[in-house]
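In this chain, residues are counted from 1 in sequence order. Indexing begins at 1, ligand by ligand and atom by atom, following the structure's order.
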Amino acid sequence: MTTTSRPVPRAGILDIEAYVPGKSSAPGASKVHKLSSNETPLGPSRRAVEAFKSIAGHLESYPDGAATKLREAIARRFGLDPQRIVCGNGSDDLLHLLATAYIGPGDEGIFTEHGFLVYKIAILAAGGKPVIAPETHLTANVDAILALVSEKTKIVYIANPNNPTGTYLPFSEIKRLHAGMPPHALLVLDAAYGEYVNRNDYSAGLELASACENVVMTRTFSKIHGLAALRIGWAYAPEPICDALNRIRGPFNLNAAAIAAGIAAIEDTAHVEMAAAHNAKWVPWVTQEISALGLQVTPSVANFVLIHFPQTHGRTAVDAELYLTARGLVLRNVGSYGLPHALRMTIGAEEANRLVVAALSDFVKQAE
Ligand SMILES: *Cc1c(COP(=O)(O)O)cnc(C)c1O
């Protein structure tokens, strides 16, 4: 028996670098525009807020642990089987539960070079080994992923579209990825931004998750529904996978306010359409205006854009972040995603979008 002088976390835990959320303050600025966490500038549906408030009189009661009404509302909205939906305390919860259920010591989980950082944390927390597939032009590369798949691979996580790059894989590529994977390995399609994509070669992956035994699609209420504070995510998965997740999830992993607000939000399709329309209007505008300043912007299908800065003194991403923050414009630095020369900007309200473009214009000029 080996002894230690104090409790020591098991292998892998101390290899985890804790997730650092986007900043929300800009000390000294009179008004702060938070464009660092991909939240919607439209806020949630008013009906969701009303539903949330309606719970206040019943806080002594446990929520429905199975979140049945929410699963039914989601199922109605997308024409799905509610038995195959599992809800999570945010989709982060589900990404972790999947790793806990399918990855153990010696197993591997794959994600891509600039993929969402939660995948790495979930794989390490489960005792597995993170395996990183290189990307091409900041986009997932199916061949590079498949080259790393082995008997040890238990999960391939792919955010489609990806955060923080805003790039996506067409459904044909997702199908090719799935076709190249062995049946024992699970493909997790994280469609946190799926509602924002308006490309006819895109699919969030419901068809695959419906038809295949090794595909799970995850979604969230944090982004287009504007309910990030309430922590609601859901997975569509084959029944045996739902069964595994339901055995290990917290018995009341969704709180009552989240369930009530989630139902109202999913039913308010007009609100979702309005948020998508706002985004469809401003992504091209922001992309074009910032490109016109001589800064490269990665084409995005999501509700944020990745802006690249030169590596010249006075003009770097770090300089830009300081410059913008002093003006109350909080963007996301993405150094932890292997992108030290870029900032990610969430599409905001008109005022915020115009202020960022104006500030970047000044920034570029002052650096000349
Ligand atoms: C924001 C985001 C999520 C959603 O997280 P929640 O836990 O549901 O708030 C999931 N995946 C990606 C890629 C994201 O950017």
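Side-chain heavy atoms closer than 4.5 Å link hydrophobic residues (I, L, V, M, F, W, Y) into clusters, and following such links, even through other members, never connects Val283 to Tyr168.
Atoms of ligand 1 lying under 4.0 Å from at least one heavy atom of Ser222, given by number and element, are 6 (P), 8 (O), 9 (O). Listed by atom number, the atoms of ligand 1 under 4.0 Å from Asn163 heavy atoms are 13 (C), 14 (C), 15 (O).
Of the protein's non-hydrogen atoms, Arg231 NH2, 2.6 Å is the one closest to atom 7 (O) of ligand 1. For atom 14 (C) of ligand 1, the closest non-hydrogen atom of the protein is Lys223 NZ, 3.2 Å. Looking at atom 5 (O) of ligand 1, its nearest protein heavy atom turns out to be Ser91 OG, 3.4 Å. Looking from atom 11 (N) of ligand 1 to the surrounding protein, the closest heavy atom is Asp190 OD2, 2.6 Å.
Within the 4.0 Å heavy-atom criterion, the part of Tyr193 lying near ligand 1 is the side chain and not the backbone. With a 4.0 Å heavy-atom cut-off, ligand 1 is reached by the side chain of Ala192 but not by its N, CA, C or O. Looking at Asp92 against ligand 1, both its backbone and its side chain come within 4.0 Å, counting heavy atoms.
Closest of all the heavy-atom pairs between Ala275 and Thr40 is CB-OG1, 4.4 Å. Of all heavy-atom pairs between Val215 and Pro238, the closest is O-CD, 3.2 Å. Shortest non-hydrogen contact noted between Ala191 and Tyr202 is CB-OH, 3.8 Å.
Aromatic pair Phe111/Tyr157: ring centres not closer than 6.0 Å. Taking the ring centroids of Tyr193 and Phe304, they lie under the 6.0 Å cut-off.
Summarising the local packing, NE2 of His184 is surrounded by more than 12 heavy atoms from other residues, nucleotides or ligands at distances under 6.0 Å.
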